[in-house]
Amino acid sequence: MKRDLELYFTTDTKKKAKLVIPEPKPNLTAAEINKVMDLVLQKPIFNFPQGIAVEKLSARIVESNVVSVEL
């Protein structure tokens, strides 16, 4: 199963930006996610096309199963 942590921010241009972290550690807590998001806001090292992240919007862990089909 594939897992991604998706972090959503509002930018200085009032747009939504997403940062995807592949394969986050199991049992990740909300407190740990908040710390990472705070770090992104404090150190604007990510150059989102939508602008600079200025506010936390939401976070989610997305799990997906991929099944190959033989042709």
- Task: Report the C-alpha separation of D4 and I61 in whole Å, then their side-chain angles, then the decisive distance to 0.1 Å, and conclude whether the side chain to side chain contact (heavy atoms under 4.5 Å, CB included) test is met.
- Result: CA-CA 6 Å; D4 289 327; I61 295 176; over 6 Å; no
- Note on the structure: When rounded to the nearest 0.5 Å, the distance separating NZ of K15 from OG1 of T10 is 13.0 Å
- Message: Is a donor from one side chain sitting under 3.5 angstrom from an acceptor on the other, for K56 and N34?
- Response: yes
- Item | From E55 atom CD to K14 atom NZ, the distance as rounded to the nearest 0.5 Å | 9.0 Å
- Query: Between I33 and K35, is a side chain to side chain contact (heavy atoms under 4.5 Å, CB included) present by the stated rule, with each step listed?
  - Reply: CA-CA 5 Å; I33 292 170; K35 284 181 185 178; over 6 Å; no
- Short question: side chain of E23, backbone of R3 - any donor-acceptor pair under 3.5 Å? yes
- Note on the structure: Exactly one candidate in L41, L57, V54 meets side chain to side chain contact (heavy atoms under 4.5 Å, CB included) with F9; the answer is L41
- Donor-acceptor pair, T11 side chain versus K16 backbone, under 3.5 Å? no
- Of the non-hydrogen atoms in A59 and M37, which two are nearest, and what is the gap between them? CB-SD, 4.2 Å
- Message: Is there a path of hydrophobic side-chain contacts, each under 4.5 Å between heavy atoms, that joins L28 and I21?
- Response: yes
- Apply side chain to side chain contact (heavy atoms under 4.5 Å, CB included) to V20 and L5, showing your working. CA-CA 6 Å; V20 178; L5 172 61; over 6 Å; no
- F48 and L19: CA distance, side-chain angles, deciding distance, side chain to side chain contact (heavy atoms under 4.5 Å, CB included) verdict: CA-CA 9 Å; F48 295 108; L19 175 62; 4.2 Å; yes
- Backbone N/O of I52 and side chain of D12: donor-acceptor pair under 3.5 Å: yes
